Number of protein chains: 2
Amino acid sequence: MSDTRRRRIPRPVREQLIIDAAIGVFAKRGYHASSVDEIAELAGISKPMVYLYLDSKEGLFLACLRREAERLVAAFRAAAGPAPSPELRLRAGLLAFFTFVTEHPDSWVVLHRQASELSPAIAAELAQTRRAVLAEVSGLVRICGAESTGPARPDDEADFVAYTLVGAADSLTDWMVLHPDEPPERITVRLMNMVWVGMRNVLDGEVWTTPAEEG
Amino acid sequence: MSDTRRRRIPRPVREQLIIDAAIGVFAKRGYHASSVDEIAELAGISKPMVYLYLDSKEGLFLACLRREAERLVAAFRAAAGPAPSPELRLRAGLLAFFTFVTEHPDSWVVLHRQASELSPAIAAELAQTRRAVLAEVSGLVRICGAESTGPARPDDEADFVAYTLVGAADSLTDWMVLHPDEPPERITVRLMNMVWVGMRNVLDGEVWTTPAEEG
(Lines give C-alpha, C1' and ligand atoms only; values in the text may rest on other atoms or scores of the structure.)
Protein backbone atom coordinates (compact mmCIF):
# COMPACT_ATOMS: atom_id res chain seq x y z
CA MET A 1 0.00 0.00 0.00
CA SER A 2 1.47 3.38 -0.94
CA ASP A 3 1.85 6.30 1.46
CA THR A 4 -0.70 8.23 -0.55
CA ARG A 5 -3.32 5.51 -0.16
CA ARG A 6 -2.51 4.97 3.53
CA ARG A 7 -3.25 8.60 4.26
CA ARG A 8 -6.79 8.16 3.03
CA ILE A 9 -7.66 5.72 5.79
CA PRO A 10 -9.60 7.59 8.47
CA ARG A 11 -8.06 7.71 11.92
CA PRO A 12 -10.59 5.46 13.73
CA VAL A 13 -10.11 2.75 11.11
CA ARG A 14 -6.34 3.10 11.29
CA GLU A 15 -6.42 2.80 15.08
CA GLN A 16 -8.32 -0.45 14.78
CA LEU A 17 -5.72 -1.74 12.31
CA ILE A 18 -2.96 -0.88 14.78
CA ILE A 19 -4.81 -2.63 17.61
CA ASP A 20 -5.40 -5.70 15.40
CA ALA A 21 -1.67 -5.90 14.69
CA ALA A 22 -0.75 -5.24 18.33
CA ILE A 23 -2.95 -8.07 19.65
CA GLY A 24 -1.19 -10.52 17.35
CA VAL A 25 2.27 -9.36 18.43
CA PHE A 26 1.49 -9.14 22.18
CA ALA A 27 -0.11 -12.60 22.11
CA LYS A 28 2.89 -14.09 20.32
CA ARG A 29 5.75 -12.39 22.18
CA GLY A 30 4.34 -11.22 25.50
CA TYR A 31 4.28 -7.61 26.62
CA HIS A 32 7.96 -7.12 27.42
CA ALA A 33 9.36 -8.74 24.28
CA SER A 34 6.94 -6.97 21.93
CA SER A 35 8.27 -4.04 19.90
CA VAL A 36 6.31 -1.10 18.56
CA ASP A 37 8.43 -1.40 15.40
CA GLU A 38 7.02 -4.83 14.64
CA ILE A 39 3.47 -3.71 15.38
CA ALA A 40 3.82 -0.64 13.15
CA GLU A 41 5.26 -2.70 10.32
CA LEU A 42 2.51 -5.31 10.60
CA ALA A 43 -0.16 -2.60 10.60
CA GLY A 44 1.48 -0.95 7.57
CA ILE A 45 1.72 2.31 9.50
CA SER A 46 4.78 4.36 10.47
CA LYS A 47 6.07 4.07 14.02
CA PRO A 48 5.68 7.83 14.74
CA MET A 49 2.03 7.57 13.72
CA VAL A 50 1.51 4.66 16.12
CA TYR A 51 2.92 6.83 18.92
CA LEU A 52 0.81 9.77 17.77
CA TYR A 53 -2.37 7.70 17.94
CA LEU A 54 -1.77 5.47 20.95
CA ASP A 55 0.96 7.26 22.85
CA SER A 56 3.26 4.41 23.95
CA LYS A 57 3.64 0.64 24.10
CA GLU A 58 1.66 0.76 27.33
CA GLY A 59 -1.04 2.85 25.63
CA LEU A 60 -1.18 0.30 22.84
CA PHE A 61 -1.55 -2.58 25.29
CA LEU A 62 -4.26 -0.72 27.22
CA ALA A 63 -6.14 -0.09 23.97
CA CYS A 64 -5.94 -3.83 23.18
CA LEU A 65 -7.15 -4.80 26.65
CA ARG A 66 -10.03 -2.34 26.53
CA ARG A 67 -11.24 -3.23 23.06
CA GLU A 68 -11.11 -7.00 23.62
CA ALA A 69 -12.68 -6.81 27.09
CA GLU A 70 -15.51 -4.75 25.65
CA ARG A 71 -15.96 -7.25 22.82
CA LEU A 72 -16.04 -10.17 25.23
CA VAL A 73 -18.57 -8.53 27.54
CA ALA A 74 -20.66 -7.42 24.56
CA ALA A 75 -20.66 -10.96 23.11
CA PHE A 76 -21.70 -12.38 26.48
CA ARG A 77 -24.46 -9.80 26.91
CA ALA A 78 -25.78 -10.10 23.34
CA ALA A 79 -26.02 -13.87 23.70
CA ALA A 80 -27.41 -14.02 27.22
CA GLY A 81 -29.86 -11.12 26.98
CA PRO A 82 -32.47 -12.49 24.59
CA ALA A 83 -32.62 -16.08 25.90
CA PRO A 84 -36.08 -16.96 27.27
CA SER A 85 -35.12 -18.24 30.75
CA PRO A 86 -32.32 -17.67 33.30
CA GLU A 87 -31.04 -21.18 32.65
CA LEU A 88 -30.81 -20.57 28.91
CA ARG A 89 -29.30 -17.14 29.45
CA LEU A 90 -26.50 -18.69 31.42
CA ARG A 91 -26.03 -21.35 28.77
CA ALA A 92 -25.97 -18.73 26.00
CA GLY A 93 -23.54 -16.53 27.94
CA LEU A 94 -21.12 -19.39 28.61
CA LEU A 95 -21.33 -20.50 25.00
CA ALA A 96 -20.57 -16.96 23.83
CA PHE A 97 -17.52 -16.92 26.12
CA PHE A 98 -16.10 -20.24 24.93
CA THR A 99 -16.83 -19.30 21.33
CA PHE A 100 -14.99 -15.99 21.75
CA VAL A 101 -11.96 -17.80 23.18
CA THR A 102 -12.01 -20.29 20.29
CA GLU A 103 -12.45 -17.69 17.57
CA HIS A 104 -10.10 -15.04 19.00
CA PRO A 105 -7.26 -16.98 20.60
CA ASP A 106 -4.85 -14.02 20.43
CA SER A 107 -7.34 -11.74 22.16
CA TRP A 108 -7.73 -14.28 24.94
CA VAL A 109 -3.96 -14.58 25.43
CA VAL A 110 -3.82 -10.80 25.86
CA LEU A 111 -6.73 -10.78 28.36
CA HIS A 112 -5.85 -13.96 30.28
CA ARG A 113 -3.30 -14.35 33.08
CA GLN A 114 -1.76 -10.96 32.51
CA ALA A 115 0.61 -9.80 35.20
CA SER A 116 -1.12 -7.17 37.24
CA GLU A 117 2.35 -5.76 37.80
CA LEU A 118 3.15 -4.94 34.17
CA SER A 119 2.38 -1.34 35.12
CA PRO A 120 -0.03 0.42 37.50
CA ALA A 121 -2.19 1.53 34.56
CA ILE A 122 -2.37 -2.01 33.21
CA ALA A 123 -3.11 -3.38 36.68
CA ALA A 124 -5.97 -0.90 37.04
CA GLU A 125 -7.35 -1.81 33.62
CA LEU A 126 -7.17 -5.54 34.37
CA ALA A 127 -8.92 -5.09 37.71
CA GLN A 128 -11.59 -3.01 35.99
CA THR A 129 -12.07 -5.69 33.31
CA ARG A 130 -12.41 -8.42 35.89
CA ARG A 131 -14.93 -6.38 37.87
CA ALA A 132 -16.97 -5.76 34.70
CA VAL A 133 -17.02 -9.48 33.82
CA LEU A 134 -17.92 -10.47 37.39
CA ALA A 135 -20.69 -7.85 37.53
CA GLU A 136 -22.12 -9.15 34.26
CA VAL A 137 -22.14 -12.78 35.45
CA SER A 138 -23.33 -11.86 38.92
CA GLY A 139 -26.25 -9.96 37.41
CA LEU A 140 -27.21 -13.02 35.41
CA VAL A 141 -26.93 -15.27 38.46
CA ARG A 142 -29.08 -12.82 40.42
CA ILE A 143 -31.85 -13.29 37.84
CA CYS A 144 -31.56 -17.04 38.36
CA GLY A 145 -31.72 -16.42 42.13
CA ALA A 146 -34.83 -14.28 41.82
CA GLU A 147 -36.70 -17.39 40.70
CA SER A 148 -35.47 -19.41 43.65
CA THR A 149 -36.96 -19.73 47.12
CA GLY A 150 -34.05 -17.58 48.17
CA PRO A 151 -31.63 -17.11 51.03
CA ALA A 152 -31.28 -14.06 53.25
CA ARG A 153 -28.46 -12.46 51.24
CA PRO A 154 -29.13 -13.19 47.57
CA ASP A 155 -26.59 -10.64 46.31
CA ASP A 156 -23.82 -12.12 48.38
CA GLU A 157 -24.70 -15.62 47.18
CA ALA A 158 -24.85 -14.42 43.58
CA ASP A 159 -21.36 -12.96 43.89
CA PHE A 160 -20.03 -16.23 45.28
CA VAL A 161 -21.56 -18.13 42.38
CA ALA A 162 -20.23 -15.57 39.88
CA TYR A 163 -16.65 -15.88 41.19
CA THR A 164 -16.95 -19.66 40.96
CA LEU A 165 -18.27 -19.57 37.40
CA VAL A 166 -15.79 -16.99 36.13
CA GLY A 167 -12.87 -18.87 37.69
CA ALA A 168 -14.05 -22.19 36.29
CA ALA A 169 -14.56 -20.77 32.78
CA ASP A 170 -11.18 -19.03 32.94
CA SER A 171 -9.41 -22.21 33.93
CA LEU A 172 -11.24 -24.29 31.31
CA THR A 173 -9.68 -22.15 28.59
CA ASP A 174 -6.39 -23.87 29.55
CA TRP A 175 -8.13 -27.23 29.25
CA MET A 176 -9.32 -26.15 25.77
CA VAL A 177 -5.71 -25.68 24.64
CA LEU A 178 -5.12 -29.38 25.42
CA HIS A 179 -8.39 -30.39 23.69
CA PRO A 180 -8.53 -28.29 20.53
CA ASP A 181 -11.19 -30.51 18.93
CA GLU A 182 -13.70 -30.02 21.71
CA PRO A 183 -16.33 -27.58 20.39
CA PRO A 184 -17.51 -24.66 22.57
CA GLU A 185 -20.97 -26.22 22.65
CA ARG A 186 -19.77 -29.38 24.41
CA ILE A 187 -17.68 -27.46 26.91
CA THR A 188 -20.69 -25.30 27.70
CA VAL A 189 -22.94 -28.32 28.24
CA ARG A 190 -20.39 -30.00 30.51
CA LEU A 191 -19.98 -26.87 32.59
CA MET A 192 -23.75 -26.32 32.76
CA ASN A 193 -24.11 -29.90 33.83
CA MET A 194 -21.58 -29.38 36.57
CA VAL A 195 -22.83 -26.07 37.93
CA TRP A 196 -26.53 -25.70 37.25
CA VAL A 197 -27.92 -27.97 39.96
CA GLY A 198 -25.33 -26.82 42.49
CA MET A 199 -25.93 -23.19 41.69
CA ARG A 200 -29.60 -23.60 42.47
CA ASN A 201 -28.61 -25.22 45.75
CA VAL A 202 -26.40 -22.28 46.73
CA LEU A 203 -28.99 -19.70 45.70
CA ASP A 204 -31.68 -21.58 47.62
CA GLY A 205 -29.40 -21.45 50.66
CA GLU A 206 -29.09 -25.22 50.91
CA VAL A 207 -26.06 -26.51 52.72
CA TRP A 208 -23.99 -29.55 51.87
CA THR A 209 -23.34 -31.61 55.00
CA THR A 210 -20.45 -33.97 55.53
CA PRO A 211 -22.02 -37.43 55.44
CA ALA A 212 -19.65 -39.15 57.88
CA GLU A 213 -19.34 -36.35 60.39
CA GLU A 214 -22.92 -35.26 60.73
CA GLY A 215 -26.29 -36.91 61.29
CA MET B 1 21.50 -10.30 66.16
CA SER B 2 25.31 -9.99 65.93
CA ASP B 3 27.43 -11.25 63.02
CA THR B 4 28.98 -13.86 65.28
CA ARG B 5 25.62 -15.31 66.23
CA ARG B 6 24.36 -15.18 62.64
CA ARG B 7 27.24 -17.36 61.47
CA ARG B 8 26.13 -20.17 63.76
CA ILE B 9 22.85 -20.60 61.88
CA PRO B 10 23.16 -23.61 59.58
CA ARG B 11 22.75 -22.94 55.86
CA PRO B 12 19.40 -24.75 55.35
CA VAL B 13 17.86 -22.77 58.21
CA ARG B 14 19.29 -19.55 56.87
CA GLU B 15 17.91 -20.26 53.41
CA GLN B 16 14.46 -20.68 54.88
CA LEU B 17 14.82 -17.35 56.70
CA ILE B 18 15.75 -15.68 53.42
CA ILE B 19 12.76 -17.25 51.66
CA ASP B 20 10.45 -16.18 54.51
CA ALA B 21 11.64 -12.59 54.12
CA ALA B 22 11.47 -12.74 50.33
CA ILE B 23 7.85 -13.91 50.30
CA GLY B 24 6.85 -10.93 52.42
CA VAL B 25 8.67 -8.47 50.16
CA PHE B 26 7.52 -10.02 46.85
CA ALA B 27 3.92 -10.13 48.08
CA LYS B 28 4.03 -6.50 49.16
CA ARG B 29 5.91 -4.93 46.24
CA GLY B 30 5.59 -7.33 43.30
CA TYR B 31 8.50 -8.98 41.55
CA HIS B 32 9.87 -5.99 39.65
CA ALA B 33 9.76 -3.48 42.49
CA SER B 34 11.29 -5.87 45.04
CA SER B 35 14.93 -5.36 45.96
CA VAL B 36 17.37 -7.98 47.19
CA ASP B 37 18.68 -5.30 49.59
CA GLU B 38 15.37 -5.13 51.40
CA ILE B 39 15.05 -8.92 51.52
CA ALA B 40 18.58 -9.31 52.91
CA GLU B 41 17.97 -6.65 55.53
CA LEU B 42 14.67 -8.19 56.60
CA ALA B 43 16.31 -11.63 56.85
CA GLY B 44 19.19 -10.17 58.86
CA ILE B 45 21.64 -11.57 56.33
CA SER B 46 24.15 -9.78 54.11
CA LYS B 47 23.27 -9.23 50.46
CA PRO B 48 26.34 -11.15 49.14
CA MET B 49 25.26 -14.13 51.24
CA VAL B 50 21.75 -14.01 49.74
CA TYR B 51 23.35 -14.11 46.27
CA LEU B 52 25.69 -16.90 47.38
CA TYR B 53 22.76 -19.03 48.58
CA LEU B 54 20.06 -18.25 46.04
CA ASP B 55 21.98 -16.83 43.09
CA SER B 56 19.80 -13.90 41.97
CA LYS B 57 16.48 -12.17 42.47
CA GLU B 58 15.03 -14.65 39.99
CA GLY B 59 16.56 -17.54 41.96
CA LEU B 60 15.02 -16.16 45.12
CA PHE B 61 11.60 -15.88 43.51
CA LEU B 62 11.87 -19.42 42.13
CA ALA B 63 12.79 -20.70 45.60
CA CYS B 64 9.71 -18.95 47.03
CA LEU B 65 7.44 -20.36 44.32
CA ARG B 66 8.80 -23.88 44.78
CA ARG B 67 8.60 -23.94 48.56
CA GLU B 68 5.10 -22.49 48.77
CA ALA B 69 3.76 -24.67 45.95
CA GLU B 70 5.14 -27.73 47.71
CA ARG B 71 3.58 -26.62 50.99
CA LEU B 72 0.23 -26.06 49.35
CA VAL B 73 0.23 -29.43 47.59
CA ALA B 74 1.45 -31.15 50.78
CA ALA B 75 -1.31 -29.52 52.85
CA PHE B 76 -3.90 -30.58 50.28
CA ARG B 77 -2.57 -34.13 50.17
CA ALA B 78 -2.22 -34.51 53.95
CA ALA B 79 -5.80 -33.35 54.45
CA ALA B 80 -7.39 -35.25 51.58
CA GLY B 81 -5.49 -38.53 51.95
CA PRO B 82 -6.85 -39.89 55.23
CA ALA B 83 -10.50 -38.94 54.77
CA PRO B 84 -12.79 -41.99 54.67
CA SER B 85 -14.66 -41.34 51.40
CA PRO B 86 -14.01 -39.54 48.08
CA GLU B 87 -16.59 -36.93 49.00
CA LEU B 88 -14.88 -36.21 52.33
CA ARG B 89 -11.48 -36.23 50.69
CA LEU B 90 -12.58 -33.51 48.34
CA ARG B 91 -14.06 -31.56 51.22
CA ALA B 92 -10.86 -31.93 53.24
CA GLY B 93 -8.67 -30.95 50.28
CA LEU B 94 -10.70 -27.82 49.52
CA LEU B 95 -10.71 -26.87 53.20
CA ALA B 96 -6.93 -27.29 53.34
CA PHE B 97 -6.61 -25.02 50.32
CA PHE B 98 -8.82 -22.23 51.67
CA THR B 99 -7.13 -22.53 55.07
CA PHE B 100 -3.70 -22.21 53.45
CA VAL B 101 -4.79 -19.07 51.60
CA THR B 102 -6.22 -17.60 54.82
CA GLU B 103 -3.20 -18.44 56.96
CA HIS B 104 -0.50 -17.61 54.41
CA PRO B 105 -1.84 -14.63 52.47
CA ASP B 106 1.63 -13.54 51.32
CA SER B 107 2.40 -17.01 49.96
CA TRP B 108 -0.80 -16.94 48.01
CA VAL B 109 -0.04 -13.53 46.51
CA VAL B 110 3.29 -14.94 45.30
CA LEU B 111 1.67 -18.06 43.82
CA HIS B 112 -1.47 -16.44 42.40
CA ARG B 113 -1.85 -14.58 39.13
CA GLN B 114 1.86 -14.33 38.50
CA ALA B 115 2.83 -13.17 35.07
CA SER B 116 4.07 -16.15 33.14
CA GLU B 117 6.27 -13.66 31.30
CA LEU B 118 8.32 -12.51 34.30
CA SER B 119 11.08 -14.75 32.91
CA PRO B 120 11.22 -18.07 31.03
CA ALA B 121 12.41 -19.88 34.19
CA ILE B 122 9.54 -18.42 36.23
CA ALA B 123 7.07 -19.26 33.47
CA ALA B 124 8.30 -22.87 33.48
CA GLU B 125 8.05 -23.08 37.26
CA LEU B 126 4.52 -21.65 37.27
CA ALA B 127 3.41 -24.06 34.55
CA GLN B 128 4.94 -26.93 36.53
CA THR B 129 3.15 -25.81 39.71
CA ARG B 130 -0.16 -25.58 37.95
CA ARG B 131 0.29 -29.04 36.44
CA ALA B 132 1.13 -30.48 39.87
CA VAL B 133 -1.97 -28.94 41.45
CA LEU B 134 -4.18 -30.08 38.59
CA ALA B 135 -2.73 -33.61 38.74
CA GLU B 136 -3.41 -33.76 42.47
CA VAL B 137 -7.03 -32.62 42.11
CA SER B 138 -7.58 -34.74 39.03
CA GLY B 139 -6.35 -37.82 40.92
CA LEU B 140 -8.82 -37.11 43.66
CA VAL B 141 -11.66 -36.61 41.21
CA ARG B 142 -10.70 -39.86 39.50
CA ILE B 143 -11.25 -41.68 42.81
CA CYS B 144 -14.70 -40.09 42.98
CA GLY B 145 -15.27 -41.22 39.40
CA ALA B 146 -14.22 -44.80 40.16
CA GLU B 147 -17.31 -45.06 42.35
CA SER B 148 -19.59 -43.80 39.65
CA THR B 149 -21.38 -45.69 36.90
CA GLY B 150 -18.76 -44.14 34.68
CA PRO B 151 -18.42 -42.71 31.21
CA ALA B 152 -16.22 -43.98 28.39
CA ARG B 153 -13.31 -41.63 29.13
CA PRO B 154 -13.09 -41.22 32.90
CA ASP B 155 -9.62 -39.61 32.81
CA ASP B 156 -10.71 -36.98 30.37
CA GLU B 157 -13.80 -36.22 32.46
CA ALA B 158 -11.72 -36.08 35.64
CA ASP B 159 -9.40 -33.53 34.02
CA PHE B 160 -12.35 -31.39 32.99
CA VAL B 161 -13.70 -31.46 36.54
CA ALA B 162 -10.24 -30.72 37.97
CA TYR B 163 -9.77 -27.63 35.76
CA THR B 164 -13.22 -26.43 36.82
CA LEU B 165 -12.52 -26.94 40.53
CA VAL B 166 -9.03 -25.43 40.46
CA GLY B 167 -10.26 -22.39 38.52
CA ALA B 168 -13.22 -21.92 40.85
CA ALA B 169 -11.08 -22.20 43.99
CA ASP B 170 -8.50 -19.84 42.49
CA SER B 171 -11.11 -17.24 41.70
CA LEU B 172 -12.79 -17.58 45.10
CA THR B 173 -9.57 -16.42 46.76
CA ASP B 174 -10.37 -13.01 45.24
CA TRP B 175 -13.87 -13.24 46.71
CA MET B 176 -12.26 -14.03 50.09
CA VAL B 177 -10.38 -10.72 49.98
CA LEU B 178 -13.76 -8.94 49.83
CA HIS B 179 -15.19 -11.17 52.60
CA PRO B 180 -12.41 -11.45 55.18
CA ASP B 181 -14.78 -12.67 57.91
CA GLU B 182 -15.95 -15.71 55.94
CA PRO B 183 -14.18 -18.74 57.46
CA PRO B 184 -12.56 -21.35 55.17
CA GLU B 185 -15.09 -23.90 56.44
CA ARG B 186 -18.06 -21.97 55.08
CA ILE B 187 -16.39 -21.31 51.74
CA THR B 188 -15.63 -25.02 51.44
CA VAL B 189 -19.21 -26.01 52.19
CA ARG B 190 -20.58 -23.53 49.68
CA LEU B 191 -18.23 -24.75 46.97
CA MET B 192 -18.95 -28.41 47.79
CA ASN B 193 -22.62 -27.60 47.62
CA MET B 194 -22.15 -26.05 44.23
CA VAL B 195 -19.97 -28.71 42.64
CA TRP B 196 -20.60 -32.05 44.30
CA VAL B 197 -23.88 -32.99 42.62
CA GLY B 198 -22.76 -31.61 39.28
CA MET B 199 -19.43 -33.36 39.46
CA ARG B 200 -21.19 -36.69 39.87
CA ASN B 201 -23.30 -35.82 36.84
CA VAL B 202 -20.24 -35.12 34.70
CA LEU B 203 -18.40 -38.23 35.89
CA ASP B 204 -21.50 -40.32 35.23
CA GLY B 205 -21.56 -38.91 31.70
CA GLU B 206 -24.94 -37.27 32.16
CA VAL B 207 -25.69 -34.43 29.82
CA TRP B 208 -27.54 -31.24 30.60
CA THR B 209 -30.08 -30.49 27.91
CA THR B 210 -31.45 -27.09 27.05
CA PRO B 211 -35.04 -27.19 28.26
CA ALA B 212 -36.56 -24.86 25.66
CA GLU B 213 -34.69 -26.09 22.63
CA GLU B 214 -34.91 -29.82 23.09
CA GLY B 215 -37.58 -32.40 23.88
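Only a predicted model underlies this, so the values are computations on that prediction, with no experimental measurement involved. For the numbers below, each heavy atom of this structure counts, side chains included, while hydrogens, waters and symmetry mates do not.
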Residues, nucleotides or ligands: over 12 heavy atoms within 6.0 Å of [X] [atom1]:
{"X": "Glu15(A)", "atom1": "CD", "answer": "yes"}
{"X": "Arg67(B)", "atom1": "CZ", "answer": "yes"}
{"X": "Glu58(A)", "atom1": "CD", "answer": "yes"}

Hey, mind stepping through Met194(B) and Met194(A) against side chain to side chain contact (heavy atoms under 4.5 Å, CB included) and telling me if it holds?
CA-CA 8 Å; Met194(B) 208 174 140; Met194(A) 210 176 136; over 6 Å; no
In terms of heavy-atom pairs under 4.5 Å, which option from Ala83(A), Gly167(A), Ala162(A) contacts chain B the most?
Gly167(A)
Report the option among Leu178(A), Thr164(A), Ile187(A) that has the most heavy-atom pairs separated by less than 4.5 Å from atoms of chain B.
Thr164(A)
Strictly distance-based, threshold 3.5 Å: is any side-chain N or O of Ser171(A) a donor or acceptor partner for the main-chain N or O of Val166(B)?
no
Mind running side chain to side chain contact (heavy atoms under 4.5 Å, CB included) on Val195(B) and Val195(A) for me, showing each step along the way?
CA-CA 6 Å; Val195(B) 297; Val195(A) 298; 5.7 Å; no
Of the backbone (N, CA, C, O) and the side chain (C-beta and beyond), which part of Leu134(A) lies under 4.5 Å from a heavy atom of chain B, both, or neither?
neither
Given Asp174(B) and Arg130(A), is the side chain to side chain contact (heavy atoms under 4.5 Å, CB included) satisfied, shown in steps?
CA-CA 11 Å; Asp174(B) 292 333; Arg130(A) 202 152 176 99; 4.0 Å; yes
In Å and rounded to the nearest 0.5 Å, what is the OH to NE2 distance from Tyr163(B) to His179(A)?
8.0 Å
